[in-house]
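Written below as structure tokens is the structure these notes are about.
Just so it is clear, the structure is predicted and the values come from calculations on it, not from any experiment. Positions are given from 1, in the same order as the sequence printed here. The figures here come from the full heavy-atom set of this structure, side chains too, leaving out hydrogens, waters and symmetry mates.
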Amino acid sequence: MFSSVDYAFMSYALRLAEKGLYSTTPNPRVGCVLTLDDRIIGSGWHEKAGQSHAEINALASTSEAACGATAYITLEPCSHYGRTPPCVNALIDAGITKVIIAMEDPNPMVSGRGCVLLEQAGITVQTGLLQAQAQALNIGFMMRVMHKKPWIRLKTAASLDGKTALNNGISQWITGEAARQDGHRWRARSCAIMTGIGTVKSDNPQLSVRHAETARQPKKIIVDSHLNIPLNAKLLQSDGEVLIFTAHDESVEKKEALSRMGAQVIVMPNEKGAVDLKKMMTVLAAMEINEVLVEAGRELNGALIEAGLVDEMIFYLAPHLLGDDARGMIKLPELTCLEQKKELKIQDVRMIGQDIRVIAKFPQSC
């Protein structure tokens, strides 16, 4: 169905889409390549929400007429007015005669409509070329529009015996510099970074991207049931919007002080007096948050996993042993039989400096 030339051009379109990895949120990452007689005449990618889409940038980049050209696009062209006009119209008006698409729009309300409009205009449309790669690039966007929750990626750094800190709380630094830089690249692609109040009080993190070049800082999400966050916390002083989810709002003065500092306090209790994590995900999706990177302690890690909200885990394992009294990665209820274990499917294992990085997904998210 697809030729080796088709694969080459779509691979290039995917590499272009990756250039928007840190910048397109809440929009998907999309690349487009225009060819005529098996040569590239134009290319482009979506750089930032509110700006031109990949197809428009590709059409603008060509120095010759695109009439009769083939367009390789990593995502089905939009057929509706959003922040920008529909790209389908621009492709039709340019005289494109064939469009090859990696993946259809995952939004069930619009999926396939762009393809139909192209076909009605007499344009040949093919879909599914390097679909898995395109979907992986936009995994958070797909999760949000299809399931009304962000893609939750939980990152943790530990010793080989699974310990994240000494019993006295000291944890800096378990892993090496290369692993920390790699972790900041995962921060940079995320719409938001989430942690719990325990980590805020013990580590006082900034939750900012410092070791990867990015034009924006992710939002910071704090799960703080009793609104105990110190007003001098570093994350309140650094760039990036702060969202604090709490279960109690008795302290009006504290809420007002946080509001003056630019933080948004959202009260969302469950029946146990803690933050309702599932409802929180719905709210985050409504805020157009696609990917969340969790960097928290064992309590919040365990609560998110128990609630079935974690899609993917990134483990950085350092070549150390910290012993049985050190702190673990995840707090889960005691298991009484192995059938109760949490299953994961390993996606990738590689060395990052002197540390091992393991990426694994929960079966329901594969």
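Put simply, CD on Gln133 and CG on Leu14 are 6.5 Å apart, with the number rounded to the nearest 0.5 Å. Rounding to the nearest 0.5 Å places CG of Leu304 at 6.0 Å from CE of Met280. The structure places CD of Glu55 at 11.5 Å from CG of Asn89, a figure rounded to the nearest 0.5 Å. For the atom pair CD1 of Ile330 and CG of Leu154, the computed distance is 6.5 Å after rounding to the nearest 0.5 Å. Atom CG of residue Asn204 and atom CG of residue Asn232 lie 7.0 Å apart, to the nearest 0.5 angstrom. To the nearest 0.5 Å, atoms SG (Cys87) and CG (Leu59) are separated by 8.5 Å.
When atom types are taken as modelled, the side chain of Glu76 and the backbone of Asp105 share a donor-acceptor pair closer than 3.5 angstrom. Listed for the Arg216 side chain is a donor-acceptor partner under 3.5 Å among the backbone atoms of Ala188. The backbone N or O of Gly297 lies less than 3.5 Å from no partner atom in the side chain of Arg327, so there is not a single donor-acceptor pair. The backbone N or O of Asn138 sits nowhere less than 3.5 Å from a side-chain atom of Arg29 that would complete a donor-acceptor pair. With hydrogens and angles ignored, the 3.5 Å screen pairs no side-chain donor or acceptor of Asp224 with any backbone N or O of Thr246. The backbone N or O of Ser52 sits less than 3.5 Å from a side-chain atom of His46, completing a donor-acceptor pair. No side-chain donor-acceptor contact under 3.5 Å links Thr199 to the backbone of Ala296.
With respect to Arg180 and Glu177, a salt bridge is recorded, a charged nitrogen being found less than 4.0 Å from a carboxylate O. A salt bridge between Lys342 and Glu306 is present, with a side-chain N of the basic residue lying under 4.0 Å from a carboxylate O of the acidic one. Glu343 has no carboxylate O lying under 4.0 Å from a charged side-chain N of Lys345, or vice versa, which leaves the two without a salt bridge.
Contact check for Glu334 versus Gln340: no side-chain heavy atoms found under the 4.5 Å cut-off. Side-chain atoms of Leu284 and Met194, non-hydrogen and from C-beta on, do get closer than 4.5 Å to each other.
Taken together through direct or relayed side-chain contacts under 4.5 Å among Ile, Leu, Val, Met, Phe, Trp and Tyr, Leu227 and Val275 form parts of separate hydrophobic clusters. Follow the hydrophobic side-chain contacts under 4.5 Å out from Ile73 and you reach Phe141 in the same cluster. The same ILVMFWY cluster, assembled from side-chain heavy atoms under 4.5 Å apart, contains both Leu243 and Val283. Both Leu300 and Phe245 are assigned to one and the same hydrophobic cluster, defined by single-linkage of ILVMFWY side chains at heavy-atom distances under 4.5 Å. Taking hydrophobic clusters as Ile, Leu, Val, Met, Phe, Trp and Tyr residues chained together by side-chain heavy-atom distances below 4.5 Å, Tyr12 shares a cluster with Ile100.
For the side-chain contact (heavy atoms from CB on, under 4.5 Å) with Leu118, the lone residue among Ile96, Thr124, Val88 that qualifies is Val88.
Remark: the Lys220 side chain and the Gln206 side chain contain no N/O donor-acceptor pair separated by less than 3.5 Å.
Using a 30° and 60° split on the angle between ring planes, Tyr72 and Phe9 fall in the tilted class, from 30° to 60°.
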